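Take a look at the structure below.
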Amino acid sequence: MEKWGAVAQVVAPIFAAVFMGIWARRKSLLTLKEVKGLQQYVMNFGVPCVLFNSCLGAAMSAESAASFAMVFPTILLSMLFAFFVLRKKMPYHNLPMLFAAQESGMLGIPLYLTLFGAAHVFKMGVLDLAQSLVSIATLSILAADTGENPTPGAIAGKVLRSPMLLMSAAGLLLNVSGAKVVLDQAGLLDVLTAMTEFIAQPVSALMLFSVGFSLSLSERNRSVIMRLSAIHFILLAGAGLIMQGIMLLIPHVEAETRWAILMYTTLPGSYIATTLGRTQEETEIASGVCSLLTIVSLAVFCVIAVFVA
């Protein structure tokens with residue numbers, strides 16, 4: 001009974017935030033523009049601070065390097081499959097972006113944070129950094145094709161300057177360079193971490209609220225949405241099983257690393273795919289796939305919570 005009480009303490013707030021988002025949309029309590037403002041806070045301030053603190057306190061290990069090394073070819077092959085195989089049968093412009101990145105920034109990290117705390121978030125952050133090598137290139141190609149952006153280089157530069165990447169790099173630099181020790185001796189480290197922790201506090205609630213607000217499934221494209229969602233889940237979950245097998249070869253792998261890999265490989269594809277659609281149909285399909293896979297991710301999260309509690 002105590003275990004289920006512990007699970008409920010984790011799961012209930014998650015679904016409360018999601019259902020509040022759904023309720024807010026149905027009752028028109030907030031506009032889409034206002035919710036995007038909440039998302040911008042999460043992406044530009046909240047999550048970067050979470051990643052900074054986590055990378056600042058991270059103990060780098062062989063398993064972190066292995067996670068990074070495995071995600072890059074996994075996402076690269078997934079993206080190439082979407083570009084050269086799926087688009088022949090489903091010629092949607094934004095299709096590759098669904099397979100070029102998992103939504104670790106907006107969904108994976110907040111969920112992981114809820115279960116495992118800020119001290120371990122870098123384990124998910126490493127996976128997010130690894131996929132950026134593929135997602136930046138894919139985003140540049142697809143956005144440049146629309147003619148709405150100046151050059152692929154400009155787009156890539158903007159992504160590379162993202163607060164999440166910069167704050168992760170800053171945390172790692174302070175960590176491995178020894179500057180963290182200097183800050184600690186000067187009495188500034190606690191001030192810095194307290195400040196960033198305060199900024200990061202509302203991340204999970206705001207992001208899950210916006211996920212609920214954005215959930216939608218288009219009826220006219222439901223069959224395509226179901227097929228693409230199944231392909232995405234099978235492809236990435238299969239890769240996740242292979243990654244878990246490889247981790248068996250590395251001694252003393254922490255359980256939090258394995259959970260990070262499981263959560264990462266069952267996340268939806270990048271929500272950015274919805275913004276790259278050139279037609280209403282492409283936008284609706286991407287939104288539907290992301291929404292359906294978000295529901296799957298939340299279900300997987302609940303199962304993990306049962307084991308972790």
Side-chain angles (χ1 to χ4, degrees), residues 43 47-48 50-51 54-55 58-83 86 95-113 115-116 120-142 156 159-160 162 164-169 171-172 231-250 253-273 289-290 293-294 296-297 300-301 304:
M43 300 302 292
V47 171
V50 171
L51 290 171
S54 186
C55 290
M60 295 299 128
S61 62
E63 63 189 71
S64 297
S67 297
F68 188 98
M70 288 188 294
V71 165
F72 173 71
T74 296
I75 293 298
L76 178 62
L77 291 174
S78 173
M79 180 271 292
L80 292 175
F81 173 75
F83 256 118
L86 281 182
L95 179 61
M97 198 64 215
L98 287 170
F99 293 82
Q102 298 287 84
E103 196 44 74
S104 47
M106 294 180 71
L107 185 64
I109 289 173
L111 289 178
Y112 190 86
L113 173 67
L115 279 183
F116 300 102
H120 294 287
V121 169
F122 77 94
K123 295 179 185 295
M124 182 67 77
V126 165
L127 306 181
D128 186 62
L129 287 172
Q131 73 174 12
S132 67
L133 300 174
V134 177
S135 61
I136 288 171
T138 306
L139 176 61
S140 299
I141 293 169
L142 296 178
V159 178
L160 285 170
S162 75
M164 284 194 293
L165 290 177
L166 292 177
M167 290 292 278
S168 296
L172 286 172
I231 292 170
H232 183 281
F233 181 81
I234 292 170
L235 189 65
L236 271 298
L241 289 175
I242 295 173
M243 292 168 69
Q244 296 284 6
I246 293 174
M247 279 295 177
L248 292 175
L249 304 176
I250 302 175
V253 173
E254 294 182 352
E256 290 84 0
T257 299
R258 292 189 176 279
W259 290 124
I261 292 172
L262 175 60
M263 289 184 68
Y264 175 82
T265 51
T266 54
L267 289 170
S270 174
Y271 293 159
I272 295 175
V289 172
C290 289
L293 289 175
T294 295
V296 173
S297 295
V300 171
F301 170 86
I304 294 175

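All values derive from a computational prediction rather than experimental measurement.
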Pairs under 3.5 angstrom only: tabulate donor-acceptor contacts from the side chains of residues 234-241 to other protein residues two or more places apart or in another chain.
none

Legend entry - side chain to side chain contact (heavy atoms under 4.5 Å, CB included) involving P110 - partner list, sequence neighbours excluded: V203, S204, M207
Legend entry - Set of residues satisfying side chain to side chain contact (heavy atoms under 4.5 Å, CB included) with respect to Q244, sequence neighbours excluded: R258, I261, L262
Inset, instruction - Measure the shortest side-chain to side-chain distance between M243 and S67 over non-hydrogen atoms and say whether it is less than 4.5 angstrom. - result: no
Legend entry - Note, Y112 side chain near K123 side chain (heavy atom, < 4.5 Å): yes
Inset, instruction - Please report the closest heavy-atom contact between P268 and L107, naming both atoms and the distance. - result: CD-CD2, 3.7 Å
Inset, instruction - Mind checking ring-ring contact (aromatic ring centres under 6.0 Å, His included) for F99 and listing every partner two or more places apart, or none if nothing turns up? - result: H232
Inset, instruction - Report the C-alpha separation of F72 and V134 in whole Å, then their side-chain angles, then the decisive distance to 0.1 Å, and conclude whether the side-chain contact (heavy atoms from CB on, under 4.5 Å) test is met. - result: CA-CA 7 Å; F72 173 71; V134 177; 3.6 Å; yes
Inset, instruction - Would you please name every residue forming a side chain to side chain contact (heavy atoms under 4.5 Å, CB included) with M167, sequence neighbours left out? - result: P48, C49, F52
Legend entry - Minimum heavy-atom distance L293-F233, with the two atoms named: CD2-CB, 4.2 Å
Inset, instruction - For Q102 and L267, indicate whether the former's side chain and the latter's backbone hold a donor-acceptor pair under 3.5 Å. - result: yes
Inset, instruction - Output all residues satisfying side chain to side chain contact (heavy atoms under 4.5 Å, CB included) with I242, sequence neighbours left out; order by chain, then residue number. - result: I246
Inset, instruction - With the side chain counted from C-beta on, respond yes when L98 and C290 share a heavy-atom pair under 4.5 Å apart, and no when they do not. - result: yes
Legend entry - Pairs involving residues 260-272, ordered by first then second residue, that meet side chain to side chain donor-acceptor pair (under 3.5 Å) (sequence neighbours left out): Q131-Y264, Y271-T294
Legend entry - Residue pairs passing the side chain to side chain donor-acceptor pair (under 3.5 Å) test where at least one lies in residues 69-79, sequence neighbours excluded: none
Legend entry - Non-hydrogen side-chain atoms of S104 and L127 separated by less than 4.5 Å: no
Legend entry - Heavy-atom side-chain contact between S297 and M263 under 4.5 Å: no
